[in-house]
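Here the structure comes first, spelled out in structure tokens, and everything after it is commentary.
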Amino acid sequence: MTTRTVDTTQELAAFLRTRRERLAPHDVGLPPRRQARRTPGLRREEVAELAGVSVDYIVRLEQARGLRPSAAVVEALARALRLAPDERAYLFGLAQQRPRHAGKPATMAAPPLARLVTDLSPLPAMLMNHRYDILAWNSEMARLLLDFDALPPSQRNAMWLCLMHPEMREFYVDREHAVREGIAHLRAAWAAHPEDQALTDLITEFTTHDEEFARLWAERDVKVNGRGRKVLRHPEVGAIAVHFEVLMPLQDPDQRLMIYRPADDESQAALDRLCTR
């Protein structure tokens with residue numbers, strides 16, 4: 001017995017049919033029809049009306065006749081069929097299109113993730129969104145970096161702190177590498193979230209007020225780095241080398257959990273001294 005690879009055209013057709021058949025007119029705000037329905041769910045005409053496409057187009061899609069809908073049409077079909085986020089992503093995958101982000105950028109930590117950040121103590125940990133806004137942190141991360149509670153919310157951004165905060169400008173031993181990595185991540189986030197005006201404004205601020213950022217931004221490096229090593233220059237305990245890991249929760253994909261682990265015994269001892277003061 002062999003397992004075939006997925007035929008995306010056939011699966012797209014079957015998926016659209018099953019999603020259409022599970023909906024009733026009242027589910028999508030349509031009035032009930034007096035005439036009895038011979039098949040379950042919405043009619044193709046109703047889906048076409050809701051999605052703003054022709055009935056013939058829906059028929060051809062459901063018959064797997066080789067159409068490849070555009071991203072705009074896929075989005076319209078997802079709305080018309082009231083698809084859940086995972087179903088929407090699946091439909092975009094079958095259509096081989098890139099979805100726009102459906103949800104708004106996270107501006108507050110999801111409560112379970114905020115508790116997890118606290119539970120990760122004594123490892124320094126914090127929660128960020130795609131634009132590096134810091135949403136939650138534990139006491140170890142605050143002792144290692146900055147007292148985030150003392151900062152106005154507009155400054156609780158890891159990239160802003162690295163570039164603009166006087167105490168952080170010399171914090172990274174290899175500053176240019178840290179800035180390059182941050183910029184490469186921001187460029188990827190900028191392309192993935194073209195509707196995020198706050199991110200665009202942040203990049204404009206950095207480009208206008210920081211020559212180093214403007215120079216490196218113009219190089220157009222793109223990279224999302226979820227694992228690595230940094231050496232930090234702490235004013236109280238000296239150099240601390242850390243391994244970092246960035247995790248993206250499935251339920252909250254715009255939130256990123258960053259965890260630091262001491263990279264050697266000396267760094268572990270320095271972090272212990274720092275957190276017991």
Side-chain angles (χ1 to χ4, degrees), residues 2-108 110 113 129-131 185-200 222 224 247-256:
T2 58
T3 302
R4 295 181 300 172
T5 58
V6 63
D7 183 328
T8 55
T9 302
Q10 291 289 340
E11 178 58 22
L12 176 65
F15 186 66
L16 289 175
R17 287 196 303 272
T18 59
R19 299 306 94 173
R20 174 174 62 81
E21 290 169 358
R22 74 177 183 175
L23 289 173
H26 64 80
D27 293 327
V28 295
L30 294 177
R33 293 184 180 271
R34 296 179 180 178
Q35 184 178 358
R37 293 171 180 261
R38 291 178 294 178
T39 56
L42 295 179
R43 293 171 175 158
R44 292 189 178 102
E45 293 87 343
E46 292 166 332
V47 174
E49 179 183 350
L50 290 168
V53 297
S54 68
V55 178
D56 179 65
Y57 192 87
I58 298 295
V59 170
R60 292 165 67 192
L61 280 176
E62 290 194 0
Q63 292 179 351
R65 286 160 59 182
L67 292 180
R68 183 184 174 189
S70 68
V73 170
V74 175
E75 187 63 61
L77 289 170
R79 288 196 302 268
L81 296 170
R82 303 302 192 263
L83 298 187
D86 291 342
E87 294 173 321
R88 174 180 175 273
Y90 185 65
L91 183 63
F92 269 93
L94 292 174
Q96 300 177 49
Q97 295 288 356
R98 178 182 175 182
R100 293 188 64 181
H101 289 265
K104 295 182 179 179
T107 56
M108 295 183 63
L113 294 177
N129 61 14
H130 67 269
R131 62 174 90 106
H185 166 88
L186 280 184
R187 183 169 282 282
W190 182 59
H193 299 266
E195 75 292 342
D196 187 352
Q197 187 61 48
L199 176 58
T200 299
V222 181
V224 178
L247 308 177
M248 294 178 60
L250 289 174
Q251 290 297 110
D252 299 282
D254 193 49
Q255 304 196 25
R256 287 133 174 84

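Owing to the predicted nature of the structure, the values given are computational and were not obtained by experimental measurement. These values consider heavy atoms only, across backbone and side chains, with no hydrogens, waters or symmetry-generated copies.
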Heavy-atom donor-acceptor pair, Gln97 side chain to Pro69 backbone, under 3.5 Å: yes

Those residues that, when tested against Gln197, pass side-chain contact (heavy atoms from CB on, under 4.5 Å) (two or more places apart): Thr200, Asp201

Residues forming a side-chain hydrogen bond (donor to acceptor under 3.5 Å, both in side chains) with His185, sequence neighbours excluded: none

ring-ring contact (aromatic ring centres under 6.0 Å, His included) partners of residues 48-76, not counting sequence neighbours, each pair once: none

Atom pair CG/CG of Asp7 and Leu12 - distance to nearest 0.5 Å: 10.0 Å

By side-chain contact (heavy atoms from CB on, under 4.5 Å) - contacts of Ala51 (at least two apart): Val53, Ala76, Leu77, Ala80

Set of residues satisfying side-chain contact (heavy atoms from CB on, under 4.5 Å) with respect to Val28, sequence neighbours excluded: Leu23, Leu30, Leu42, Leu50, Arg82

Counterpart residues, salt bridge (Lys or Arg N to Asp or Glu O under 4.0 Å), relative to Glu87 (two or more places apart): Arg19, Arg22

All salt bridge (Lys or Arg N to Asp or Glu O under 4.0 Å) counterparts of Asp252, not counting sequence neighbours: none

Minimum heavy-atom distance Asn129-Ala106, with the two atoms named: ND2-O, 2.7 Å

With sequence neighbours excluded, residues passing side-chain contact (heavy atoms from CB on, under 4.5 Å) with Ala89: none

Heavy-atom closest pair, residues Leu83 and Leu91: CD1-CD2, 3.7 Å

Main-chain N/O of Met108 paired with Gln255 side-chain donor or acceptor, under 3.5 Å: yes

Backbone N/O of Ala95 and side chain of Arg68: donor-acceptor pair under 3.5 Å: yes

Inter- and intrachain pairs under salt bridge (Lys or Arg N to Asp or Glu O under 4.0 Å), touching residues 53-65, at least two apart: Arg20-Glu62, Arg44-Glu62, Asp56-Arg60

From CG (Leu250) to CE (Met248), nearest 0.5 Å: 9.0 Å

Results of salt bridge (Lys or Arg N to Asp or Glu O under 4.0 Å) for Arg187 - residues two or more places apart only: none

Intermediate values then yes/no, side chain to side chain contact (heavy atoms under 4.5 Å, CB included), Arg256 and Asp254: CA-CA 7 Å; Arg256 287 133 174 84; Asp254 193 49; 3.8 Å; yes

Of all pairs that satisfy ring-ring contact (aromatic ring centres under 6.0 Å, His included), the ones with a partner from residues 10-29, not counting sequence neighbours: Phe15-Tyr90

Contact check, side chains of Glu75 and Phe92, non-hydrogen atoms, under 4.5 Å: yes

Value rounded to 0.5 Å, distance of CD1 in Ile58 from CG in Leu16: 7.0 Å

Contact summary for Arg131 and Leu199, nearest pair of heavy atoms: CB-CD1, 3.6 Å

